[in-house]
Structures are given as C-alpha cells and as structure tokens.
S.K.: 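Here's a structure for you.
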Number of protein chains: 2
Amino acid sequence: MLSREQIIDAAIGLLDSGGEGALTVRALSERLATGSGAIYYHVGNRDQLLDTATETVITSALETESSQAVATPEEEIRRVALALFDAIAEHHQWLATRLTLQIVRNPAGPVTVEIFERIGRQVGALGVPRASWFDATSTLVHYILGAVSQNARMDGDTSGIQPDMDREEFFDATSTAWQELDPENYPFMHAIVGQTKQHDDRDQFLTGIAIVLAGLTHLR
Amino acid sequence: MLSREQIIDAAIGLLDSGGEGALTVRALSERLATGSGAIYYHVGNRDQLLDTATETVITSALETESSQAVATPEEEIRRVALALFDAIAEHHQWLATRLTLQIVRNPAGPVTVEIFERIGRQVGALGVPRASWFDATSTLVHYILGAVSQNARMDGDTSGIQPDMDREEFFDATSTAWQELDPENYPFMHAIVGQTKQHDDRDQFLTGIAIVLAGLTHLR
DNA sequence: ACCTGAACACCGTTCAAGT
DNA sequence: ACCTGAACACCGTTCAAGT
C-alpha cells in the first residue's frame with residue numbers, strides 16, 4: 001500500500017535532482033507506479049506536497065544539528081544557520097524559493113516557528129534587551145534566509161541560462177563580465193572583482209553572521 | 001504596431017494585480033489584442049519576459065531614488081534599501097521571488113550590478129577596509145533582499161491559504177497561533193508575541209539595516 | 001479505504017501561413 | 001518585418017469506476 005511518507009520521499013528525490021520543474025504529478029506517480037489520483041488521496045495538491053517536502057527537509061536538517069553538545073549562543077546561531085545553508089546549497093536548491101514562500105504564507109507553521117524559536121533563544125542569551133528580541137531575531141533570520149537563497153547553486157535547475165556550464169565556468173564568466181563594465185560608472189565592481197575570484201561562499205556567510213552578531217551588541 | 005515596451009508594461013500590470021500566476025501568454029495577448037506569436041516575436045519566452053519586467057521595475061525604482069541630494073553613506077544605503085522595500089511591498093510582490101532568482105542566475109546582469117554598485121560605494125565611504133568590501137556589501141545585500149522578500153505582502157496572490165483574509169486578520173491569526181504554542185517548548189515565541197502585535201514592518205526593516213551597519217564598524 | 005486512469009481545462013511554445 | 005492562430009506537447013486536478 002502507498003504511504004504518505006513514500007510520496008514525500010519520492011517528491012524530495014525529484015526535487016533534488018531536477019528542481020521544482022521536475023516535480024510533476026505524472027513523474028511522481030510513474031516513479032511510484034501508481035495513478036495520479038493516489039497522490040491526491042494521500043497528500044492533497046502539488047502545492048501542499050511542496051510545503052510538506054519543505055517541512056520535512058528543514059525539520060530534519062535542524063534536528064541533526066540540535067543533537068550536539070550545548071555551546072555559546074553565538075556558536076548555536078552559527079550551527080542553525082549552517083544547517084540551513086548546507087541543506088540548501090548541497091542538496092536542495094529548490095528550497096531557496098520554497099522556504100521564503102513558506103515563511104511568508106505560513107508564519108504560524110512549524111518551519112517558521114522552529115527557526116524563530118531556535119535563533120530567538122540565543123538572542124536572549126546574547127544579552128539583547130527583551131524589548132529588542134523580535135527586531136534582533138527578525139534581522140538574523142532575514143539575513144540568514146537572504147544569504148542562503150542567494151547562495152543556492154542552480155546546477156540541477158534546467159531553467160538556468162547555460163545548462164552546460166559548471167560552477168567554475170559560471171564564476172569565471174561573471175568576473176570577466178564585471179571586468180568589462182565601464183570603470184567610470186562602476187568603480188566598485190572593478191574594485192571587488194579580485195576578491196570574488198577566490199572567495200568561499202560558506203566563509204562569507206559566516207562573516208555575515210559575525211557582522212550581524214556584532215551589530216546586535218549595540219542594542220544593549 | 002505592437003512594441004516591446006507595451007508588452008512589458010502590460011505584463012507588469014498583470015503581475016501587479018494577480019501575481020506570477022496571472023501572467024499567462026494568453027491573458028497577455030488578449031489584453032494587447034494580438035496573437036500569442038506576437039509576444040514571442042518581441043520578447044522571447046515567458047521567462048525572459050519575467051526577467052525584463054523585473055529589470056524594468058528595479059531600474060526605475062533605483063532611478064527615482066537617485067535623483068535626490070547626496071547624503072551620508074548610511075542615509076544613501078537606507079534610501080536604496082527602502083526603494084527596493086517599497087517597490088516590492090506596495091506594488092510588486094511578485095518581485096520577491098523573481099529578484100532573488102535574477103541575482104542568482106544572472107550576477108552579471110544590470111539588476112545585480114546596479115544594486116551591488118550602489119551599496120558598495122557607500123560601504124567604501126563608511127570606512128570599511130578595502131579587503132572587506134566584498135564581504136560587507138554581500139552581507140548588506142543579502143540582508144536587504146532577505147528582509148524585502150519576507151515582507152512582500154501576498155494580497156494579490158491567490159496562492160495564499162485564505163484569500164478572503166486581509167492583512168490585519170492574517171496578523172491576528174498568526175499571533176493567536178503563536179500564543180497557542182506549548183510554552184514549555186516555545187518560550188521565545190511566547191515572549192515576543194506581544195511585540196509582533198504592534199510592530200511596523202518598515203521600521204523593523206530600518207532597525208535591521210542599522211544593526212548591520214553597526215556590525216560593519218567592527219571590520220575596521 | 002484505497003487506488004485507477006480517462007477526461008477536462010488549462011498551460012508555454014512553435015510555425016506555416018498571411019500581410 | 002510583423003503578426004495570426006491552429007496545433008502540439010505538456011501541465012494540475014477531478015471523479016466515476018473499480019477493488
């Protein structure tokens with residue numbers, strides 16, 4: 001008998017390998033050797049399936065992270081942030097779009113609540129005054145989700161411009177394009193093009209977290 | 001004779017009033033009283049049309065902002081950020097998803113370049129050391145885009161849960177849902193539920209900018 | 001209760017044909 | 001060069017019918 005879990009797992013598989021466009025009810029029911037009606041019987045429509053898949057992946061990413069020893073608030077925030085970063089950057093690029101959607105449309109859902117609660121507790125422990133807890137946590141969450149979305153590699157997604165380009169080629173093409181900009185009008189782009197060439201996304205993400213954390217101390 | 005500009009304007013009209021789902025080639029060609037082939041003749045496919053619409057709106061939002069008197073670097077960053085915030089929050093919620101997509105897929109395009117250049121120059125003027133310009137600017141841009149995406153109101157979008165709920169009702173439903181969470185497991189959510197009730201999104205966005213700017217001073 | 005799969009109402013895109 | 005619109009290959013979703 002077909003189970004809800006099987007459907008969600010198969011859906012995540014399709015999403016991971018081909019992006020959101022690859023998750024069609026037909027492809028899914030073929031992979032599961034059923035009719036399309038069976039999908040609707042178990043998980044409702046495609047949109048709900050996408051939400052459930054998002055929930056499953058995020059919850060599991062945050063769970064494996066939480067099984068470690070307690071640390072400083074800064075360290076715990078870094079862990080939560082990296083758990084999201086790694087989950088999206090490495091396997092589930094489709095999450096970049098979906099995670100934002102989930103939080104905007106369903107702020108009372110488990111995904112939003114879990115992320116806010118995890119980050120928010122540490123904000124309190126950091127010494128931020130109670131009246132600023134909501135602002136401080138929102139700022140951290142906004143930064144994390146923004147950075148994580150911007151860093152999602154679009155490898156598996158066919159909707160990119162040149163599908164035959166790998167990550168490095170894409171990067172080279174970008175820096176040469178920046179170098180070809182008019183230096184009169186774009187002095188800054190020229191100034192940073194050297195730094196982009198040998199930077200690491202993950203390191204930069206951590207630097208960003210450190211900047212926001214440093215900024216929070218001014219709220220005291 | 002049909003022009004490229006007319007098509008883009010009509011597309012933005014459809015997007016503003018009904019979200020991404022409302023932009024269909026059929027609806028567009030009906031509004032313009034042409035055949036679907038005419039669209040493809042002028043603007044390529046739907047995806048390119050979406051990119052062009054994004055570019056048009058963002059460029060114009062940044063242009064009207066730049067026509068003001070020069071100010072401090074902090075003020076100029078706030079202006080660019082608010083120009084994006086207001087454009088998305090008030091008229092073009094569909095941009096939240098599309099802007100991120102544009103930057104990820106086309107970092108050499110005018111949208112990415114314009115935003116980075118505008119923010120980046122001020123980062124230099126702020127006294128951030130040259131070696132940190134890229135990290136600092138990325139952090140700001142990531143925060144701005146993250147916050148702006150999370151704040152896009154989903155009024156016109158039918159894909160929301162209850163379309164008959166207005167902004168205030170939605171907010172009330174969220175805070176009561178947060179209040180009903182188990183206080184043992186979600187102490188933080190209970191602590192902030194009061195603050196969410198009477199907070200202003202725009203003010204919170206500016207507070208976030210201030211936090212990141214404060215954090216940047218530590219890079220000196 | 002659980003599943004099938006044809007049918008329906010949509011899509012984006014192409015392309016011969018017209019002016 | 002510019003445009004038409006039928007045709008094609010897809011979609012998500014429903015629902016009578018089967019077990």
Side-chain angles (χ1 to χ4, degrees), chain A residues 1-54 94 97-98 101-102 105-106 154 156-163, chain B residues 1-54 94 97-98 101-102 105-106 154 156-163:
Chain A
M1 209 183 76
L2 192 61
S3 80
R4 203 180 131 85
E5 268 208 338
Q6 280 172 54
I7 298 175
I8 294 164
D9 285 351
I12 293 171
L14 286 171
L15 288 163
D16 288 354
S17 59
E20 242 200 73
L23 180 66
T24 67
V25 179
R26 277 167 179 81
L28 191 57
S29 51
E30 192 184 5
R31 177 177 277 217
L32 292 165
T34 38
S36 54
I39 310 290
Y40 289 85
Y41 182 81
H42 285 285
V43 295
N45 62 19
R46 197 188 104 109
D47 210 60
Q48 291 168 43
L49 177 55
L50 243 358
D51 279 350
T52 312
T54 303
W94 52 276
T97 307
R98 266 288 148 178
L101 218 57
Q102 178 102 280
R105 295 196 306 193
N106 193 11
M154 296 278 127
D157 203 325
T158 328
S159 54
I161 325 117
Q162 274 103 342
Chain B
M1 209 183 76
L2 191 62
S3 80
R4 202 180 131 86
E5 269 209 337
Q6 281 172 50
I7 297 175
I8 294 163
D9 285 351
I12 293 171
L14 285 172
L15 288 164
D16 288 354
S17 58
E20 244 200 70
L23 179 65
T24 68
V25 179
R26 278 168 178 80
L28 191 58
S29 50
E30 192 184 4
R31 177 178 278 217
L32 293 164
T34 39
S36 54
I39 310 289
Y40 289 85
Y41 181 81
H42 285 286
V43 297
N45 62 21
R46 199 188 102 109
D47 210 59
Q48 291 168 43
L49 177 56
L50 242 358
D51 280 348
T52 311
T54 304
W94 51 277
T97 308
R98 266 287 147 179
L101 219 57
Q102 179 101 282
R105 295 196 305 193
N106 194 11
M154 298 276 129
D157 203 326
T158 328
S159 53
I161 325 114
Q162 274 103 340

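In what follows, every chain begins at residue 1, and chains take the letters A, B, ... in the order their sequences are listed. Source: prediction; values computed, not measured.
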S.K.: Quick check on D:dA1: is either OP1 or OP2 less than 4.0 Å from any side-chain nitrogen or oxygen of B:His42?
M.R.: no
S.K.: Atom OH of B:Tyr41 to atom C1' of D:dC3: distance rounded to whole Å?
M.R.: 9 Å
S.K.: For B:Leu2 and D:dT4, what is the distance between atoms CG and C1' respectively, to the nearest whole Å?
M.R.: 12 Å
S.K.: Is there a donor-acceptor pair under 3.5 Å between the side chain of B:His42 and the backbone N or O of B:Ile7?
M.R.: no
S.K.: Is it the case that more than 12 heavy atoms not belonging to A:Glu30 sit under 6.0 Å from its CD atom?
M.R.: no
S.K.: Nearest whole Å is fine: how far is D:dT4 P from B:Ile39 CD1?
M.R.: 9 Å
S.K.: How does protein contact run along nucleotides 10-18 of chain C, one letter per nucleotide 5' to 3', with B for base contact, S for sugar-phosphate only, - for none, heavy atoms under 4.0 Å?
M.R.: -BBBBB---
S.K.: Could you tell me how far apart B:Met1 (CE) and C:dT19 (C1') are, to the nearest whole angstrom?
M.R.: 14 Å
S.K.: Kindly compute the distance separating CG (A:Leu50) from CD1 (A:Ile12), expressed to the nearest 0.5 Å.
M.R.: 10.5 Å
S.K.: Using purine N1 to pyrimidine N3 plus N6-O4 or O6-N4 for Watson-Crick, or N1-O2 and O6-N3 for G-U wobble, both under 3.5 Å, which nucleotide pairs with C:dC2?
M.R.: D:dG18
S.K.: Do you know which two heavy atoms are closest between B:Met1 and B:Gln6, and how far apart they sit?
M.R.: O-NE2, 3.5 Å
S.K.: I need the CD-P distance between B:Glu30 and D:dT4, as an integer number of Å.
M.R.: 13 Å
S.K.: Should A:Leu23 and A:Leu49 be marked as a side chain to side chain contact (heavy atoms under 4.5 Å, CB included) after you check the CA-CA gap, both sets of side-chain angles, and the distance that decides it?
M.R.: CA-CA 10 Å; A:Leu23 180 66; A:Leu49 177 55; 4.3 Å; yes
S.K.: Return the nucleotide paired to D:dA7: Watson-Crick means purine N1 to pyrimidine N3 with N6-O4 or O6-N4, wobble means G-U with N1-O2 and O6-N3, both under 3.5 Å.
M.R.: C:dT13
S.K.: Can you tell me how far CG of A:Asp51 sits from CZ of A:Arg46, rounded to the nearest 0.5 angstrom?
M.R.: 11.0 Å
